Amino acid sequence: MKQITALAMATALTAVSAPAFAEKWDMPLAYSATNFHSVNAAAFGECVTAGTSGDIEITTHPSGSLFKGADIKRAVQTGQVPIGERLLSGHQNENAVFGFDSVPFLATSFDASGKLYEAAKPKIEKVLADQNLTLLYAVPWPPQGLYFNKEVNEVADMAGLKFRSYNNTTSKLAEMTGMLPVTIEAAEISQAFATGVADSMISSGATGYDRKVWESLTHFYEVDGWLPRNYVMVNSDVWGGVSDANKKVIQDCAAAAEASGLKASIEYTQFTMDGLAEGGMAVGPASDKLVGELKAIGETMTAEWLEAAGADGQAIVDSFKASQ
Ligand code: PCA
């Protein structure tokens with residue numbers, strides 16, 4: 001009799017508690033649905049949904065439709081959404097260490113970018129943990145190059161241009177080259193260039209291609225300044241409530257997404273530069289003069305970043321250099 005009661009209770013409990021375990025996770029993304037990060041995040045979401053048998057169902061919201069890029073990190077921190085993707089270097093004001101992946105000319109290839117990330121990861125994870133965030137995976141953008149609406153052969157040619165920026169590094173670069181920085185989300189740049197709110201930027205071939213910037217801009221110069229990353233983070237309270245089995249599923253999906261995202265970024269590099277050229281832009285390396293001037297500016301910016309990021313920044317750079 002006792003046994004039957006226990007069994008009946010267990011059955012009743014399962015029936016009552018089962019719906020509580022099925023969670024819907026909305027995942028804001030700042031970039032357009034067709035961007036490779038967004039495609040990769042959607043596949044990650046499907047991996048989690050399938051792997052947890054629907055216990056956790058992830059729905060991605062691209063193009064800043066749920067939260068704009070600048071607001072995604074805070075939304076995840078405060079639990080407005082459980083998970084999201086963000087370009088962490090956009091938050092250097094909170095902690096200069098977040099800008100490690102945008103230090104000019106520190107890591108200029110996918111290989112070096114990977115080593116720099118491994119060197120910085122423990123520190124970044126710690127800073128994020130203190131902000132109630134758990135890092136799941138990070139994927140680099142292709143190398144950053146300069147976009148203009150005219151031919152530019154030296155820094156002097158950049159004077160007075162309105163330069164679309166996406167983080168402190170890019171705003172600083174504008175100031176140091178005599179341009180006027182204006183912060184604009186990637187989702188809004190096509191319109192900004194079309195209406196003359198901006199007439200230049202530094203970004204990957206991928207972002208210019210996604211936003212069809214050839215409709216307004218004419219030149220893309222390969223500079224390979226740095227490879228900033230997008231980070232997928234989950235709210236740590238939410239993460240703490242996930243079962244061990246589902247944590248393992250999510251971590252495995254995250255590892256797969258990190259690898260497939262990197263592969264897509266590498267493949268997208270040439271593909272999108274070809275796409276810019278097909279759109280009618282002049283695509284090619286920056287002149288030696290321009291590169292030399294940018295490197296000199298980069299040295300000043302690196303010194304400033306190291307000062308702002310203190311011992312943590314120096315430790316990241318030292319450990320990266322030791323891994324080279
Ligand atoms: N695209 C993003 C960040 C770096 C990149 O290549 C952007 O322009 O917003």
Side-chain angles (χ1 to χ4, degrees), residues 28-41 62-65 67-73 84-92 98-110 113 116-117 138-148 162-174 179 181-194 197-217 220-232 261-262 264-273 275-276 281 283 286:
L29 313 171
Y31 301 91
S32 64
T34 54
N35 172 267
F36 74 94
H37 286 288
S38 304
V39 171
N40 196 46
S63 293
S65 57
F67 287 96
K68 285 186 192 300
D71 302 325
I72 289 175
K73 180 167 169 287
E85 180 192 60
R86 172 63 174 151
L87 181 90
L88 263 192
S89 64
H91 298 285
Q92 291 171 66
F98 287 147
F100 84 91
D101 62 19
S102 300
V103 174
F105 303 110
L106 178 60
T108 59
S109 66
F110 280 101
S113 149
L116 177 59
Y117 175 54
V139 172
W141 287 91
Q144 304 292 288
L146 283 164
Y147 288 84
F148 296 105
K162 284 171 272 176
F163 185 79
R164 175 262 168 168
S165 66
Y166 62 74
N167 64 13
N168 279 15
T169 307
T170 51
S171 299
K172 185 78 196 165
L173 180 69
M179 298 191 286
V182 36
T183 303
I184 302 167
E185 297 272 349
E188 281 144 28
I189 59 175
S190 311
Q191 208 189 343
F193 290 132
V197 170
D199 30 37
S200 58
M201 69 171 175
I202 189 162
S203 192
S204 55
T207 289
Y209 177 82
D210 287 338
R211 308 316 303 149
K212 298 189 172 55
V213 299
W214 54 82
E215 289 172 358
S216 308
L217 303 182
F220 177 76
Y221 294 103
E222 294 162 45
V223 175
D224 296 351
W226 58 89
L227 290 80
R229 279 172 189 259
N230 279 2
Y231 298 75
V232 171
L262 172 63
S265 190
I266 293 169
E267 287 169 3
Y268 222 41
T269 302
Q270 191 59 48
F271 172 79
T272 55
M273 287 203 297
L276 294 176
M281 294 185 75
V283 176

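For clarity, every value in this text was computed on a predicted model and none was experimentally measured. Starting from 1, each residue takes its place in the sequence as its number. We count ligands from 1, going down the list as the structure has it; atoms in each ligand are counted the same way.
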Item to check | Derivation and outcome, side-chain contact (heavy atoms from CB on, under 4.5 Å), residues Lys162 and Ser200 | outcome: CA-CA 6 Å; Lys162 284 171 272 176; Ser200 58; 6.0 Å; no

Checklist entry - Between Asp210 and Tyr268, does a side-chain hydrogen bond (donor to acceptor under 3.5 Å, both in side chains) hold up when you go through it step by step? => result CA-CA 11 Å; Asp210 287 338; Tyr268 222 41; 3.2 Å; yes

Item to check | Test side-chain contact (heavy atoms from CB on, under 4.5 Å) applied to Thr170 and Trp226, step by step | outcome: CA-CA 11 Å; Thr170 51; Trp226 58 89; 3.7 Å; yes

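Taking CG from Asp224 and CD from Gln144, the interatomic distance works out to 9.5 Å, rounded to the nearest 0.5 Å. Taking CZ of Arg211 as the reference point, atom OG of Ser216 lies at 11.5 Å (rounded to 0.5 Å).
Taking the six-membered ring for Trp and the full ring otherwise, Trp141 and Tyr166 have centroids separated by 6.0 Å or more.
Residue-level contacts of ligand 1 at the 4.0 Å heavy-atom threshold are Tyr31, Leu87, Trp141, Gln144, Arg164, Tyr166, Ala186, Ser203, Ser204, Thr207, Pro228.
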